[in-house]
Each structure stands twice: as C-alpha cells, then as structure tokens.
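Below you'll find the structure, written out as structure tokens, and then a few comments.
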Amino acid sequence: MDFKRRNGGPLAGGASHAKRGKGMNDWEDSPSQFEEELLMLDEAEMDSEEMEGQAGHDVIPVGDLFSADLNPRWRRPHAPSLDPSSDTLVFQQIDLDYYLGSAVAGMPGQSQGKVPIIRMFGVTDSGNSVCCHVHGFAPYFYVPAPSGFTSAYLGEFQRELNSVVLKDMRSNKDNISVTVLAVDITHKENMYGYHGKQSLDFLQITMAMPRLIAPAKRLLEQGFKFGPFPLQCYQAFEANIDFEIRFMVDSDVVGCCWIELPKDKYRLREEKNVSLCQYEVDVGWTDLISHPAEGKWQRIAPLRVLSFDIECAGRKGIFPEPDKDPVIQIASMVQRQGETEPFIRTVFTLQTCASIVGSQILCFTQEKQLLQAWAEFLRTVDPDIITGYNIQNFDFPYLLNRAAALKVNYFPYLGRIRNTKSVLRDLNFQSKQMGRRENKTINMEGRVQFDLLQVLLRDYKLRSYSLNAVSFHFLQEQKEDVQHSIITDLQNGNEQTRRRLAVYCLKDAYLPLRLLQKLMCVINYMEMARVTGVPLTYLLSRGQQIKVVSQLLRQAMKQDLVMPVVKTEGGEDYTGATVIEPEKGYYSVPIATLDFSSLYPSIMMAHNLCYTTLLQKGSVQKLGLSPDDFIKTPTGDQFVKSSVRKGLLPEILENLLSARKRAKAELKKETDPFKKQVLDGRQLALKISANSVYGFTGAQVGKLPCLEISQSVTGFGRQMIETTKKLVESKYTLSNGYQADAKVIYGDTDSVMVKLGVATVSEAMEIGREAAEWVSSHFTPPIKLEFEKVYYPYLLINKKRYAGLYFSSSADTHEKMDCKGIETVRRDNCPLVANLINTCLQKILIDRDPQGAVDHAKEVISDLLCNRIDISQLVITKELTRTAQEYAGKQAHVELAERTPSMCWRTTFPSTHNTTWSSSCPNPSKLRVSCSVSQHSHAILFSGLPPY
DNA sequence: CGCCCCCCCTAC
DNA sequence: TTAGGTAGGGGGGGCG
C-alpha cells in the first residue's frame, strides 16, 4: 500500500568520499572529468557527421548583432509542405490550453464576439512542431429540470438566465451580449447514490465562456425564477470542471496522446500565424481523431528538451537580487527525447571566455544583449519541454525580473504564441501531502516546464534536495566545485576564470538532463497523463484529485451519469486501519509475511463500493429492494450489489488493474529497452492511480467526498486482517499436525507477520504460500492474500518500527536488511545517528552479535563526546550549509541541533523545508546522548541524558 | 515527573 | 481558487 515512491537508494549522506579539492589557485591543473565527457561528445559527433557551421567557431564573440543562424542545429528539422486536401496531420499532443479569440470563418461554433478556442501543441514523428486551434467546443454544466418542465420553456429559461448573468456582471469589458448559448433537455442521472436507475430530465446549460459558468451556477443555486415556475434553488452538476478537462473528456483526448487530423478536415494557416510552430492549423472539435495510447500509438515523438542554468554575480554575502546583480552566464543543453546525449551544448557569457571543447560559447559585452540573445535562442530551439534545477522559483523569475530591470523588451516572450508575454505570478499551493508551498509560475504557452526539483519534491523522499546531493544519490556524480562566494571573483578575473565558471554552469545544465533520463521522468509522467487523462502540466501543477475526477467523468459519461458539485466542508475523521499489537522482541526464527495485494482497490471491487451503488437513508424501503440486492458493510453502510448495478469506481479500478497486468505482461515480452521503459512507466502509473481512488473518496475537502465508501473500505480492511489472524492461528497448530502453533506477532493494515514455528526459511516460505492461498479462498475475489517474504532474523521494536533480513526469491540468501520506521530511514536525524543505528542493526541481524552492537554504539558515543569523530564524512552537508547561508542569507534558518546526539547544525531552507546537517556543534553542553540496549529485545534505544 | 498536545515523519 | 486517507512512534514543550 505504497502511496508514494520511496527513496530506494543507498543510505544518503554517510559515505565519505574525496572531493575534487580545488581552491582559487589550483583550478587550472587538469581538466575535470566533466570536461573529458564533453570532449568525448565532441569526438563522437566529429566521427558521425559533417560539421557544417560549427567547426572552428567554438567561441563566438557577439557584438551588437545577434543572428539565430549562428548554429544550424538550433532550428527544428525542416517542415515539409503540407496539403490539407491530401495529407493527414498526425502529432503527439503535449500541451493543451484554451484562449478567448475571434471565431475563424468556416469553423464551427459561435461566430460573434470572443469564443473559447482550445489550443493543442505537439510534435510530429519527424520532429516538427504543431499548434492546433480547436473550434466549436463550449463549456456547459447541468441542473435538474424543475418538475413540469417541457421543451416549450427552454427559450424562457435561457433568456432569463442570460439576463440575470448579464446583470450580475460588475464590468463587461469584453462587451458580452450573450452569456447563455444554449439550454437543452437531456436524460441524466445523479451519480451520487443509487436511485433505481431512473434517468431524469436535466438541463444542459451551455455558456459562452468558461468564466461564466461560476456565476451562472451561483445564481441558479441561490434561487432562480423564470416563466410560470416558482423561485427555486437548483443544484449544479459538473459546474466545477476545468474547461480543458471538459474538452478532453468529451472528445476522448488524454494527456500526451496522438492526434490525427484527417485530410480535408482541417485548415493550414498560411498567414495570420499567431504561433512560432512550424505547422499551425484550425480544426472543428468533432473532426479530430484521438488515438488511444495502445500499440503503435504508445510511441513518443522526438521532443526537444532544453535544460539550462544561469549564474549571477552577487555581492558578498548577499543573495543575488535581479534589480541589482547581473546575469553573467546562461548554459543550455538540448536533447531529443529518446536520445542519450544533448546535441546542443552552449554557454552565453558576459565578457570573453576561453573555449571549452564540445560546447559553443557565445560572448557578449552587454548583459542586455546576452539576455536578448538567449531569449532568441530559446525561441529558435523551440523546446517542447524545459527543465533545469529550481528554474521555476529561481532561474526563470530572475531572468524575467532582470530583463525587466534592464528593459530588454523582447525578452519575456518565451512561449510559442507570438504576442503573449510571459508573466511572473505567485502561486500558493497547499495540500496535506505536500504541505504549504509557495511557488512562482510563468506562463509559457505550448512548452512544458519540467523543473526537476519540483519532480523530486513530489516523487521522492530525500534527505537533501540540493542538486549536488541529488546527483550524488542517483548518479554517483557531483557538481563542479565552485563556491558561490567566488562566482563574482571568477567573473571579474580573465577569460580562463570565466571559463571555469562556464564549465560549472554547463554541468548544472547537464545534470538535470541526466537525472531526467535516469529517473525516466518524462516517460513516467507521460504515461501518467495518458492513464489518467489529464494534461502533462497538471501533473506538476495540481494535486491528486484531478486525476481521479478525469477518470470518473470519462466512465460516468458512458452511462449518462453526472457528477454533483458538493460544497466542501471539513468533518470528523473516520476510522482507518488496524495495527495489530506487536509482540515486541528479537526473533531468531523465520517470520513469514502475508500481504493483501492492492487491499483497498480490491475491497472496492469485491464489494462494489461506489457513489452509484450507495444506498442513502431510506433508499432500501423507497426502492423496495430485497435483502439479496444489497450488502451492509462493517460500518453499517449499504450498497447495491453488482447484479443490480455495477459501480463506476470498481469499473475504473478493474480497468486500471487489468491494464497494469497487460503492461506487465508486455513488459516481460518486450526486448527494446526504450519500449520497456515506457511500459514500466505505464504499469507504475496504473498502480499509483488505482491506489489514489480510495483517498479521493475520503478527501473531505475534495471534489466528491463520500465517507460511506471510505469508512466501509477501512471497515472491511479491519475485519479482514482480524479474520486472517484467526484463520492462520486456527489452522497452523500442533493439533493439526504442524510443527508448532502459529502465532501472528504483528500486522499493519494489509499484512500479517506469522511465527510459524519452523526452523528454516524454505519451510516458512512453503507454509506461507499455502497459508496465503488457503486464506484467500475465504474472501471474495479479487481480494487475494499473497505470501510476500520471510524475515529471518526479525527485530520487532514497536508498531511501525522493525527490521529484519529479507528473503523472498531465494531461501538461501537474504536480499537486503529491511528497516521500517527506524532512525535509519528517517530524515529528521542526522546521518551520524542513522549510520550508527544501521551498523548496530547489522551487527544484531547479520553478525548475530548484540554485544558487538552495544560496544559499537558506546564507542561512537564516547568518540563523539571527546570530539574524536572525523567530520570529514560530513563534507557534503558542510558544503550545503555554506550554500544555504550564502545563498539564502538571513532567510536561511540555522539552529542548533539540540535534539540530535551528534554535533550537528541543522539548516533549514525556507523554500524547500529541506534540512541538512553539518559540522560541529559550537555548544557541546547542549549535547544529549545516551545509548542503552534493552535486554529483552536487543533494541538500540536512544533517550535521556548522557551518563556524564 | 507524568500528562497532554503539537510537530515531524513514517507505515500502510 | 485549490487541496488524497488514517495510525502511530517519538521528541519536545508547556503545565500542574
């Protein structure tokens, strides 16, 4: 039941490793490893292709003029001419938005005034960019028709609603004359609650613009009167759906899918192009074909990914400020998705800079020109995805503010729409998952901003999120060693010192690309977009709920079910899972672990739990249901069986899980590593999506909470883990001929740890498998208990805190030492503690030497108190602390790590809440350390004051 | 010192 | 104008 990918890497921070020790004076001795890499890239290219315009021009001094033709590689491949009467246009859509614009002649939809137009951006197989304007789709929502309503009243309803919405507008700067485009009668059913499948008359109200939906909904809710009907309040349905999602659901488009525009069905813009894309077309919304991401439509277009990093010359000890401190270098690397190396590597520098093999350097004498030229470069390269490290909250805002300060007027046009300025905005995002997070946003139409830091913050739990630490963790590679404090000095030196800075800057642009590739971010995010149906950008800018909403709407539409708008109000929490009281201790016998796979999804499927199957109070009598038609859950809630109506949520879950099975099967067969990656990303996305459905129903401040569902799910779960314990303990007994009475010593939510009383791992595995199968037969499919692993030996410290040697594939050798909840896996302890405990656990579990663990712990602590600890192992974090203080200045919150048993500083970055540890504590009297080993459990405990 | 609450982070 | 859930360990601080 993983809700989040975990940090699966090695224990961070502990290992000591030599850093390239270069001070100001010894930098020129030898090229760094990174420079050698760049050289190799250069040589590889020399071998494989003719060098057209680049050879011999590694350093280009640029005066007042800047030409985009400096390097022919910058441009996208030539776009062959397109004839809409004979050619279809096929592209992978990667971004989708809408705008208000004038209707285009010949396209469907309103012709008067401003109309909403969907815009899709994408790339063809040959790498050409596409901007596609989709016409004729208008926003709408539903309300139940009042009783006695007939089509004769439609006109009156529309006129009256139109008039109240107009009256409600405080200003009408767009000069809107028609707000309600249409009102139609449709047959729909409220998805919330089972009402005997009667479909009712609903009014589908189509508005002229998305932003008119909210006032229309509000006016109808507050009380609306028209014609002969009395004043009444109307409950709105689907009035809170983002317009992009509405369009995608209705046209069966999912994020990052392939779009086909059949010949004769679209128009090519030969003039009046508003975008920088190579093809710009118009199409009616019903004329485009969306291909489900299956078979050949799973492929990914050769997208251009740009990674960049900027350097600024700050003043001593002050965080750079864009109104004062100049941008001195911008390094950029561009790579095609699917290729292994960037084909553009360039640095824009202020003042001269010595050449770097394998990269192109453009030197500027004026900062203004540098910025101008880089913006031009970006528009020429025309990337689909822009990455970097913290570009969202640092590099882009800094560039925009700096360009504004220097009045570089053509700088802030970074999107693909010519006349749309990129503007900086503050965004406050708050969720329970991620806490409160203040972010900045910059609009960049048609390009996906894929800030690697944001990806890592969302998907990985790490001890440190600095680029250096992250690179070391995932790539075993680090940044070029340049202290921020000397950047300005390097800039003010000569072309060699600036060269050193440029190498550093290039590497900071290179590392995000490497990480993106290593973590398969682009592929995994695309697969998530395809599986859940939301645009790629939503995955980084929005929460979890929108993904479920998108799937729910798609499933509901097939059955003419509509989603109500519910007002969000927090209520009482409901009861969750059971954690079996642990029999704490050290077990020198094998402990078998049995798990329910996908527990909550399988409960929802097995018992048909859904909005559409929920029987609200009195429904059983009202609908005259027989006891065979419905079930009563452990929490007393009632749901109709699938024989009466199959729920939407179970359907969604079945689709997700069966698709996951297919993806895993295909993954097994597939030999192409690239396709394998896609499939693996897909199965992961499917698993995560299935797990988030339950959370959605329980999200009380959410789009459609239903506590009857979520509390029934956990209720079944509690019942099941109890039943499992009883079943196992009743069958595996001495009296039934087994070696011992089995005992469930622990269990959490969906698992039981069983002491079977056997001596070997293989026996435990054998009985474990048999027990899992036998217990499964007592539950409704697809609920299934599985044998997962054997721990041997096993140290059970407390609820949610244990460690053991993990056996699953082989009974002969353990795969790892598995630690749960202990200091070794927590990020709020300094690495020293984690390492100490880790070593102690190894001594206890692997060496089976508890006394050795005690001795080791005592030794470390005594070393610590006598200042004998070698702090070199903290060298990485030491550097990070300096970074924090120098970069964040007074903003960096530095406090004594009083609670930690080591001499550490704790440094918290205000922006990321990222905590790092470093160096000696200047006040050892605050130190609080002790170590004791409990006689019963052999557990290492740290508490209280030291024996000094 | 015990008790309660808050905070952080983890296990599911 | 936007946000997935509960259980639970363990440190630390305030309070009586």
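All chains are named by letter (A, B, ...) in the order of the sequence lines, taking the proteins before the strands, and each is independently numbered beginning at 1. Values below: every heavy atom of this structure, side chains too, minus hydrogens, waters and symmetry copies.
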Base-pairing mate for C:dT2 - Watson-Crick or G-U, with both contacts under 3.5 Å:
none
Atom CD1 of A:Ile213 and atom P of C:dT1: how far apart are they, to the nearest Å?
14 Å
What does A:Gly702 touch in the nucleic acid at a heavy-atom separation under 4.0 angstrom: a base, only the sugar-phosphate, or nothing?
nothing
Which one of A:Gln544, A:Arg554, A:Gln551, A:Glu527 satisfies the side-chain contact (heavy atoms from CB on, under 4.5 Å) criterion with A:Thr532?
A:Gln551
Testing C:dG9, B:dC12, C:dA3 for proximity to the side chain of A:Asn798, the answer is C:dG9
Is the NZ or CZ atom of A:Arg246 both under 6.0 Å from the centre of the six-membered ring of A:Phe243 and within 45° of that ring's axis?
no
Which residue lies more 5' along DNA chain C, comparing A:Thr578 with A:Gly698 via nearest heavy atoms:
A:Gly698
For the pair A:Arg718 (side chain) and A:Thr575 (backbone), establish whether a donor and an acceptor sit closer than 3.5 Å, ignoring hydrogens and angles.
yes
Select one nucleotide: of C:dA3, C:dG9, C:dA7, the one nearest the side-chain heavy atoms of A:Arg801.
C:dG9
To the nearest Å, give me how far apart CD1 (A:Ile688) and C1' (C:dG5) are.
16 Å
Closest to the 5' end of DNA chain C, once A:Glu581 and A:Thr714 are matched to their nearest nucleotides, is A:Thr714
Whole-Å gap separating C1' (C:dG10) and NZ (A:Lys800)
14 Å
Over 12 non-hydrogen atoms of neighbours within 6.0 angstrom of NZ in A:Lys799
yes
Among the nucleotides C:dG5, C:dT2, B:dA11, whichever has the atom closest to the side chain of A:Arg542 is C:dT2
Could you state the CD1-P distance from A:Ile580 to C:dG9, rounded to the nearest angstrom?
14 Å
note: A:Ile822, atom CD1; C:dG10, atom P; distance rounded to Å ~ 10 Å
With the side chain of A:Tyr802 defined as its heavy atoms from C-beta on, choose the nearest nucleotide among C:dT6, B:dA11, B:dC8.
B:dA11
Touch check for A:Val579, heavy atoms < 4.0 angstrom, all strands: base, sugar-phosphate only, or nothing?
sugar-phosphate
A:Ala699 has a side chain; which of B:dC12, C:dG5, B:dC9 sits nearest to it?
C:dG5
So which nucleotide from C:dG10, C:dG5, B:dC9 ends up closest to the side chain of A:Tyr574?
C:dG5
Round to a whole Å and report the spacing from CD of A:Gln700 to C1' of C:dT6.
11 Å
Atom CD1 of A:Ile241 and atom P of C:dT1: how far apart are they, to the nearest Å?
16 Å
A:Arg826 has an atom CZ; how far is it from atom C1' of B:dA11, in whole Å?
11 Å
May I ask you to check if A:Lys816 and A:Tyr806 form a cation-pi contact, with NZ or CZ under 6.0 angstrom from the six-membered ring centre and within 45° of the axis?
yes
When both distances are under 3.5 Å in a Watson-Crick or G-U wobble arrangement, the nucleotide paired with C:dG9 is B:dC8
Of the candidate nucleotides C:dA7, B:dC12, C:dA3, which contains the atom at the shortest distance from the side chain of A:Thr568?
C:dA3
For the backbone of A:Val423 and the side chain of A:Asn443, can you confirm whether one donor and one acceptor N or O come within less than 3.5 Å of each other?
yes
Under 4.0 angstrom between A:Lys820 side-chain N/O and B:dA11 OP1 or OP2
no
